> 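Here's a structure for you.
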Amino acid sequence: MQKFVEDAGIEKFRAKQIMDWIYKKGVLSFAEMTNIPKQAREKLAGSVAIGGLGLVKKLDSKLDGTEKYLLRTFDGFLIETVKIHGSKGLTICLSSQIGCPLKCRFCATGGMGFKRDLEASEILEQVLLFKKDPKNDISSLVLMGMGEPLLNYYNVMKAVKLLNSKDGMNFGIRRITLSTCGLPNEIRKLAKEELDLNLSVSLNAPNDSVRNELMPINRKFPIKELMKAIDYYIQNTRRRVTFGVCFDKRSE
Ligand code: SF4
C-alpha cells in the first residue's frame with residue numbers, strides 16, 4: 001500500500017489511513033476517506049477501484065435467519081457468501097473458488113464444474129461487505145463456501161494473513177476455520193504456516209468404499225493417507241482438527 005500511494009505521488013503515511021478505512025471500517029470508496037485530502041482521493045479513485053463484487057440477490061431463510069448473498073465478480077461469474085446467525089454470534093461463510101473441480105456427490109458447487117480461483121481480494125471483499133454496518137459484529141469466519149480452499153492455497157493464505165494482520169482487519173486467527181475435503185500435501189504445507197487457524201476436514205464417510213462414492217478425491221487420497229497428513233498437522237501445530245459430516249439423503 002505504501003508503494004502504491006508513493007507511486008501515485010501521495011505521502012507514504014496515507015497508506016495506513018487507507019488500510020484503516022478499508023479493513024477497520026469497511027469503507028470501499030476513496031470518496032468516503034475524509035481524512036485524506038480531496039485532491040489525493042480523486043487521484044487515487046482515478047487510478048484504481050476498491051472491490052469488484054456486486055450484489056445480485058439476497059435470500060433470507062425463514063427457518064433460522066441465515067442470509068445468502070449472490071455476488072457477481074468483475075468478470076461476470078457468480079459466487080455465494082452466507083451470513084449465519086448462530087448461538088455464538090455472527091459467522092460469515094466465504095467462497096474460495098468459482099465452482100470446484102472435486103465433484104463431491106452431495107455438493108451443488110461440485111456439480112457446476114470449475115471456473116477459476118478467487119483472488120485474495122475477492123475472498124477479503126466477502127468479509128468487507130459486512131464490515132461497514134456496525135450491527136454486523138462478526139464473531140467467526142469459515143472458508144466453507146464454494147470451492148476447495150486448499151486448491152487455491154496462495155490466495156486463501158494471502159487473504160487469511162490480511163484478515164489476521166494488525167494492519168489489516170486484525171481478526172483473531174482462532175476465529176477463522178478452513179474447511180477442506182482433505183488434501184494431504186496441502187494439509188502438510190498448512191502445518192508449516194505457523195497459523196493457529198482451525199482446520200475442519202469434511203470426512204463424510206466411515207470407510208473408503210463409501211467415501212470413494214461420495215467424494216471422488218478419496219480415490220486419489222484414501223482415508224489412511226489423509227489421516228497421516230492430519231496426524232502430521234496435529235503434531236506440528238498442536239491444534240485440534242474437527243471432522244465434518246454432510247447429511248444428505250443420497251449418502252444414507
Ligand atoms: S470440495 Fe467442497 S466445494 Fe468442492 S465439490 Fe467437494 S464439497 Fe463441493
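No experiment lies behind these values; they were computed from the predicted model shown. Order of listing sets the numbers, starting from 1, for every ligand and every atom in it. Along the sequence shown, the residues carry numbers beginning at 1.
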> Has Lys58 got more than 12 heavy atoms of other residues, nucleotides or ligands less than 6.0 Å from its NZ?
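Above 12, so yes.
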> Please name the pair of heavy atoms, one in Asn218 and one in Asn212, separated by the smallest distance, quoted to 0.1 Å.
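Between these two residues, the closest heavy atoms are ND2-OD1, 2.8 Å.
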> Measure across Ala205 and Ile223 and return the closest heavy-atom pair with its distance rounded to 0.1 Å.
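Heavy-atom minimum between the residues: O-CD1, 4.2 Å.
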> Looking at Lys189 and Glu193, is there a salt bridge between them, counting it only when a charged N and a carboxylate O are closer than 4.0 Å?
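No salt bridge links Glu193 with Lys189.
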> Ignoring hydrogens and angles, tell me if any N or O in the side chain of Ser95 forms a donor-acceptor pair with the backbone of Glu80 under 3.5 Å.
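It does hold such a pair.
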> Is Tyr154 atom OH crowded by more than 12 heavy atoms from other residues, nucleotides or ligands, each under 6.0 Å away?
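Atom OH in Tyr154 is not packed in, count stays at 12 or less.
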> For atom 4 (Fe) of ligand 1, report each protein N, O or S atom nearer than 2.8 Å, sorted by chain and then by residue number.
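Near atom 4 (Fe) of ligand 1, the protein supplies Cys100 SG.
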